[in-house]
Amino acid sequence: MQNTVTPTHCPYCALQCGMNLTPAADGTVEVSERTDFPVNRGALCGKGRTAPAVLSSRVRLTSPLVRSEGTLVPATWDEALDRIAGRLRRTRVEHGPDAVGVFGGGGLTNEKAYTLGKFARVVLGTSQIDYNGRFCMSSAAAAGTKAFGLDRGLPFPLEDIPKTGCVILVGSNLAETMPPSLRFFTELKENGGTLIVVDPRRTRTAEQADLHLAPRPGTDLALALGLLHLVVAEGRVDEEYVAGRTAGWEDARAAAMAHWPEYVERITGVSVPQLRETVRLFCEPEHAMVLTARGPEQQSKGTDTVSAWINLCLATGRAGRPLSGYGCLTGQGNGQGGREHGQKADQLPGYRKLDDPAARRHVAEVWGVDPDSLPGPGRSAYELLDALGTDIRSLLLMASNPVVSAPHAAHVEERLKSLDFLAVCDVVLSETAALADVVLPVTQWAEETGTTTNLEGRVLLRRRAITPPVGVRSDLEVMRELADRLGVEKGFPTDPEEVFEELRRASAGGPADYSGITYRRLAEENGVFWPCPQDLSGQLPPQATEEAHPGTPRLFLDRFATPDGRARFVPVSHRAIDEEPDDEYPVLLTTGRVVAQYQSGAQTRRVDELNAAAPGPFVELHPRLAARLGAAEGDPVSVVSRRGRAVAPARITTAIRPDTVFMPFHWPGEGRANTLTNPALDPTSRMPEFKACAVRLEPVTSEGSS
């Protein structure tokens with residue numbers, strides 16, 4: 001295998017950048033540019049360049065671990081699997097199938113996410129399955145489905161961005177979260193287009209903007225409504241488009257008109273002249289886009305907030321037209337595919353709804369089970385974690401680290417400790433895995449073949465480049481072995497392509513239809529955009545003009561995915577965040593990422609180069625706030641919310657609002673940002689309110705107390 005170059009994709013964010021891997025004689029793996037992949041055209045961020053460091057046996061797990069007298073000790077695979085199967089069986093017998101929970105991750109391949117959902121419902125018979133993607137894109141998914149009848153992160157390829165006239169980028173610091181994508185926005189400006197960034201911080205991305213709007217955290221909904229008010233007041237509504245391609249405009253219009261500019265200025269802190277300039281820049285070009293990310297989505301009103309931005313696009317005729325539209329910048333590596341094939345509490349493969357009788361019949365037939373045997377929808381991610389140790393007594397967890405990543409993290413950590421039994425499958429001994437009764441070491445990106453779906457809806461083939469270490473198995477093997485032990489001996493293949501072939505059949509006819517996609521096509525075509533239908537009996541779908549359906553890079557150009565083909569306005573009104581500042585907690589906390597770390601940091605914190613660039617947490621605060629606190633640069637600062645306390649060094653900058661502090665969420669321990677965050681849930685998406693909660697700041701004395 002030495003010196004064999006394998007084209008594949010990065011294991012981290014939803015760009016899924018193309019790269020080449022070459023095993024070296026000393027056992028390391030070299031990364032080189034892969035210029036043929038259009039998303040990154042060879043460019044890689046530091047995380048992508050250093051990704052092979054986590055393949056090293058020095059930092060990753062290579063043996064199963066079982067808890068003995070309070071300590072995790074090495075064990076054989078049979079010992080570990082027998083213990084998991086025995087405890088899951090015992091929980092089901094003593095407490096019922098819903099006493100067993102399953103928690104997945106947005107980093108699982110499509111094959112593994114699909115199999116995990118099938119395993120939960122067919123082998124365990126539990127409804128209690130969800131995944132950490134609920135914390136990332138669920139509000140945008142809910143709003144997109146309401147408006148368009150379909151959720152796909154971007155309804156167009158990234159390559160369309162430089163060709164549009166204006167982009168409003170809401171709550172995304174892509175210069176740090178997905179750096180290779182910044183070139184599309186640089187090219188937009190080079191082509192004469194305009195970039196407007198909405199963010200309470202002047203981030204690296206905001207520094208590239210033609211106009212930066214810095215609203216108070218949690219007020220993006222009011223901002224979007226104020227912009228729509230001005231669109232109406234200034235006569236900029238595309239009346240022909242609204243009449244011909246949408247429904248529900250009058251109610252949405254009436255709701256927006258209650259948000260006049262001066263009122264919105266008082267709520268958001270964005271001046272009326274800036275509001276008017278935003279409307280002018282957005283409406284004057286022929287084409288324009290709105291792109292949202294976690295900022296507006298990770299709120300207890302995230303679905304309504306995204307709906308308001310979609311309404312702005314619809315009112316101005318900027319959806320379902322070339323070089324225009326609304327899109328969500330999906331975060332996790334397979335966040336898009338992860339929410340399509342069954343590891344969410346309410347979904348079956350192909351983005352089908354679990355409570356739809358026709359969907360249940362279709363998938364049950366593929367799985368060879370009775371539709372009535374499939375459980376109904378279960379709890380969402382945070383609600384599932386909150387039920388651990390009470391309603392849910394045993395948990396199987398894959399590819400997630402909620403001890404660091406979940407809101408109200410100290411509470412979630414206690415719920416995990418209260419379980420009767422916890423089994424974790426992971427690459428490294430994460431903070432969550434360290435609490436487990438059994439830990440299984442599993443293969444990772446370069447050691448296995450599988451598919452992912454990037455933020456554009458482009459299904460991609462990750463190829464195995466190296467042999468995994470002895471003692472490591474794939475998640476597919478784990479689920480097959482557990483299924484065997486739990487009495488289901490068929491239906492859980494370990495070959496990824498065989499699993500994908502079943503996924504194709506299960507997704508056929510669903511909103512996320514992969515049935516026309518094959519591994520061969522993915523290898524030859526550098527990815528295929530879904531929906532890509534194919535009648536598996538051999539008959540071509542009506543819209544196919546060639547041997548196979550070409551895939552759908554651009555959605556909604558002819559009609560939206562609603563019964564009548566029209567997009568839906570959703571009337572929404574501003575409301576406050578769940579936890580407004582008060583005398584006791586007078587400051588707002590918002591959270592996010594830094595360029596050198598990723599998500600909970602379970603993998604990136606094991607890479608020396610990345611740790612040198614971002615060694616630990618910090619509290620970003622404005623000089624005026626620092627002066628009131630008496631804090632200098634680098635001084636330890638205590639940030640206190642109603643849920644707990646975190647301590648980290650001060651980073652003083654004018655790039656943040658004086659009423660707001662920022663903390664990155666990659667680290668455990670006393671600097672854990674999610675100790676502070678609010679688990680208040682959006683009523684539709686069940687997304688927690690990561691992006692805004694009330695805190696107070698306290699200096700830390702030399703003795704370490706506040």
Side-chain angles (χ1 to χ4, degrees), residues 61-67 74-105 108-129 341-343 348-349 363-370 373-375 393-399 420-426 436-443 447-450 468 470-503 505-506:
L61 296 167
T62 57
S63 171
L65 304 173
V66 300
R67 192 164 296 278
T76 68
W77 270 94
D78 281 340
E79 289 172 332
L81 291 167
D82 287 346
R83 183 176 296 196
I84 295 173
R87 292 302 298 267
L88 296 183
R89 183 185 299 110
R90 176 178 167 183
T91 299
R92 293 180 73 239
V93 169
E94 293 181 354
H95 304 286
D98 276 357
V100 178
V102 177
F103 200 86
L108 294 175
T109 62
N110 290 318
E111 292 81 0
K112 292 192 283 189
Y114 169 83
T115 302
L116 187 62
K118 180 180 179 182
F119 179 85
R121 296 179 174 106
V122 173
V123 178
L124 299 176
T126 182
S127 66
Q128 301 303 303
I129 175 173
H341 297 301
Q343 66 171 330
L348 288 170
V363 174
E365 182 177 359
V366 174
W367 289 351
V369 299
D370 184 342
S373 71
L374 299 178
R393 311 298 292 267
S394 293
L395 181 70
L396 174 64
L397 184 145
M398 288 186 173
D420 295 343
F421 181 74
L422 172 63
V424 172
C425 300
D426 210 331
D437 297 286
V438 179
V439 183
L440 300 180
V442 291
T443 52
E447 301 162 350
E448 59 186 10
T449 294
V470 174
V472 173
R473 299 186 184 179
S474 75
D475 295 287
L476 294 179
E477 291 176 289
V478 169
M479 287 184 277
R480 196 272 305 278
E481 292 286 346
L482 290 176
D484 284 350
R485 285 166 168 79
L486 291 168
V488 180
E489 298 177 358
K490 295 182 179 180
F492 289 88
T494 60
D495 176 64
E497 187 168 9
E498 186 177 350
V499 175
F500 190 79
E501 288 299 305
E502 183 179 301
L503 182 157
R505 298 195 301 275

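Only this structure's heavy atoms are used, side chains among them; waters, hydrogens and symmetry mates stay out. These figures come from a predicted structure and were not determined experimentally. One is the number of the first residue; the rest follow in order along the sequence.
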What pair of heavy atoms forms the shortest contact from Val100 to Thr126, and how long is it? O-OG1, 2.7 Å
For Ala423, is there any backbone N or O sitting under 3.5 Å from a side-chain donor or acceptor partner on Asp437? no
Taking the side chain as everything from C-beta on, heavy atoms only, tell me whether Glu481 gets closer than 4.5 Å to Arg473. yes
Taking all non-hydrogen atoms of both residues, which atom of Phe492 and which atom of Ala483 are closest, and how far apart? CD1-CB, 3.8 Å
Under the criterion salt bridge (charged side-chain N to carboxylate O under 4.0 Å, His left out), I'd like the reasoning laid out for Arg485 against Asp78: C-alpha separation, chi angles, the key distance, then a yes or no. CA-CA 10 Å; Arg485 285 166 168 79; Asp78 281 340; 3.0 Å; yes
Gap separating the OG1 atom of Thr443 from the CG atom of Leu476, nearest 0.5 angstrom: 8.0 Å
Under the 3.5 angstrom rule, does the side chain of Thr91 hit a backbone N or O of Arg393 as a donor-acceptor pair? no
Do Leu440 and Ile84 come within less than 4.5 Å of each other through their side chains, counting heavy atoms only? yes
How close do Val424 and Ala436 get, counting heavy atoms only, and between which atoms? CG2-CB, 3.8 Å
Side-chain contact test, heavy atoms from C-beta onward, threshold under 4.5 Å: evaluate it for Pro441 versus Pro64 and give yes or no. yes
Is there a side-chain contact between Leu503 and Pro349 (heavy atoms, below 4.5 Å)? no
Between Gly104 and Gln343, what is the shortest heavy-atom contact and its length? CA-OE1, 3.3 Å
Non-neighbouring partners of Lys118 that pass salt bridge (charged side-chain N to carboxylate O under 4.0 Å, His left out), sequence neighbours left out: Glu502
Is the closest side-chain donor-acceptor distance between Ser394 and Asp420 under 3.5 Å? no
Qualifying residues under salt bridge (charged side-chain N to carboxylate O under 4.0 Å, His left out), relative to Asp426, sequence neighbours excluded: none
Please round to the nearest 0.5 Å and tell me the distance separating atom CZ of Phe119 and atom CG of Leu486. 5.5 Å
Atom pair CD/NE2 of Glu111 and His341 - distance to nearest 0.5 Å: 9.0 Å
Measure the shortest side-chain to side-chain distance between Leu108 and Tyr114 over non-hydrogen atoms and say whether it is less than 4.5 angstrom. no
Approximate separation, where rounding is to 0.5 Å, of Ser474 OG and Arg480 CZ: 9.0 Å
Note, Phe500 side chain near Thr109 side chain (heavy atom, < 4.5 Å): no
Find out whether Leu116 and Lys112 are in side-chain contact, i.e. whether some heavy atom of one side chain is under 4.5 Å from a heavy atom of the other. no
Quick check: are there more than 12 heavy atoms from other residues, nucleotides or ligands sitting under 6.0 Å from CZ of Arg90? no
Could you walk me through whether Leu482 and Leu81 pass the side chain to side chain contact (heavy atoms under 4.5 Å, CB included) check? CA-CA 7 Å; Leu482 290 176; Leu81 291 167; 3.9 Å; yes
Kindly write out the residues that satisfy salt bridge (charged side-chain N to carboxylate O under 4.0 Å, His left out) with Arg121, not counting sequence neighbours, or none if the list is empty. none
Heavy-atom side-chain contact between Met398 and Met479 under 4.5 Å: yes
Of all heavy-atom pairs linking Leu396 and Cys425, the shortest is CD1-SG, 4.4 Å
Check whether Glu477 reaches the backbone of Thr494 with its side chain - one donor and one acceptor, N or O, closer than 3.5 Å. no
